[in-house]
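Data first, discussion second: the structure below is written as structure tokens.
The structure presented is a predicted model; accordingly, all values stated were derived computationally and were not measured. Values below: every heavy atom of this structure, side chains too, minus hydrogens, waters and symmetry copies.
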Amino acid sequence: MNLPPPARPRTLVAGIGNIFLGDDGFGVETVRRLAERQLPEHVEVVDIGVRGVHLAYQLLDGYDTLVLVDATARGEAPGTVYMIEHDVGGGSPSPGTPALDGHRMTPDTVLALLGTLCAGTGAEPPRRVLVVGCEPASVDEGIGLSAPVSDAVPEAVRLIEELLRNGEPSVAKASTAEAST
């Protein structure tokens, strides 16, 4: 059953990562701080953590835009913040990755699962998927962000707020490449 789209496009900002693996907790910490801010009423902020399957099912509720916030290794200096436009049509699990391993689901795997769920339910995936990522210094076991990644959290919050306000943030690093986190 296809329901009419909501009057106002909905946006989901989802923090993902494992707080027990150092800088992998970047997304969780960023959305925690973002949730304390005054945001437009059409924006929902959630701490997904390592629950990728939960995120895929939540997206069936119908969102126009998805902003994933995650540690994203791309080879720059630790603490570098990225805004990456994800190719919505390109999400597929990497070979050998179990599709429903809820603790090891990358954004690509979540989006591939969402595609399968949408095909089975008639729901629509988000029209636009962005990743706000931060170059980690360490994802070794341990709680707490490294200094450069901790210092990047306020920049990421500002970037997301600007995105939510204007649709296009000004960023230090940008790419249209498919996100691989």
Side-chain angles (χ1 to χ4, degrees), residues 2-17 26-35 37-49 51-74 76 80-94 99 105-135 152-153 155-181:
N2 277 339
L3 298 175
R8 175 84 192 225
R10 294 173 60 204
T11 298
L12 179 67
V13 180
I16 56 178
F26 167 79
V28 172
E29 177 61 18
T30 300
V31 298
R32 183 190 68 76
R33 292 205 203 160
L34 188 64
R37 311 288 282 222
Q38 185 72 26
L39 299 172
E41 63 184 49
H42 70 281
V43 175
E44 186 175 346
V45 178
V46 294
D47 169 3
I48 293 296
R51 300 179 325 266
V53 173
H54 177 82
L55 174 61
Y57 278 100
Q58 182 163 353
L59 288 168
L60 292 176
D61 287 342
Y63 295 90
D64 184 62
T65 302
L66 169 62
V67 180
L68 295 170
V69 187
D70 194 12
T72 308
R74 295 177 63 87
E76 296 291 331
T80 302
V81 172
Y82 307 102
M83 204 276 302
I84 306 157
E85 181 109 20
H86 191 286
D87 177 9
V88 176
S92 63
S94 57
M105 290 185 72
T106 66
D108 289 337
T109 306
V110 169
L111 294 171
L113 174 59
L114 175 64
T116 301
L117 294 172
C118 285
T121 63
E124 292 291 323
R127 191 179 51 77
R128 187 173 188 205
V129 177
L130 303 169
V131 177
V132 174
C134 180
E135 188 75 37
V153 169
E155 178 185 350
V157 168
R158 179 207 54 81
L159 184 95
I160 295 166
E161 286 179 318
E162 189 175 330
L163 171 68
L164 297 174
R165 193 172 42 251
N166 303 326
E168 293 296 328
S170 57
V171 293
K173 297 280 179 185
S175 171
T176 57
E178 186 174 327
S180 179
T181 58

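- When side chains are defined from C-beta on, Ile84 counts as touching Thr72, because their heavy atoms get closer than 4.5 Å.
- Between the CG atom in Leu34 and the CZ atom in Arg158 there is a gap of 12.5 Å [rounded to 0.5 Å].
- If you take CD on Glu155 and OG1 on Thr80, they are separated by 8.5 Å, rounding to the nearest 0.5 Å.
- Smallest separation of non-hydrogen atoms from Arg74 and Glu135: N-OE1, 2.8 Å.
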List, one per line, each side-chain donor-acceptor pair under 3.5 Å for residues 55-63, sequence neighbours excluded.
residue	atom	partner	partner atom	Å
Gln58	NE2	Glu44	OE2	3.0
Gln58	NE2	Tyr63	OH	3.4
Tyr63	OH	Arg10	NH2	3.1
Tyr63	OH	Glu44	OE1	2.7

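- The two residues Val132 and Ala156 make their nearest non-hydrogen contact at CG1-CB, 4.2 Å.
- When all heavy atoms of Ala14 and Val31 are compared, the closest pair comes out as C-CG1, 4.0 Å.
- With rounding to the nearest 0.5 Å, the separation of CZ in Arg127 from CG in Leu66 is 12.5 Å.
- With sequence neighbours excluded, the residues forming a salt bridge (Lys or Arg N to Asp or Glu O under 4.0 Å) with Arg32 are Glu29, Glu36, listed by chain and number.
- Taking NE2 of His86 as the start and CG of Leu68 as the end, the distance is 8.0 Å to the nearest 0.5 Å.
- Going from atom CD1 of Ile16 over to atom CG of Asp70 covers 4.0 Å, rounded to the nearest 0.5 Å.
- In this view, Glu161 and Arg37 satisfy the salt bridge (Lys or Arg N to Asp or Glu O under 4.0 Å) rule, not counting sequence neighbours.
- Here the closest non-hydrogen pair linking Cys134 and Ala152 is SG-CB, 3.7 Å.
- Val28 approaches Gly49 most closely through the heavy-atom pair CG2-CA, 4.0 Å.
- Listed by chain and number, the residues in a side chain to side chain contact (heavy atoms under 4.5 Å, CB included) with Thr11 are Val13, His42, Val43, Thr65, Val67, Leu164 (sequence neighbours excluded).
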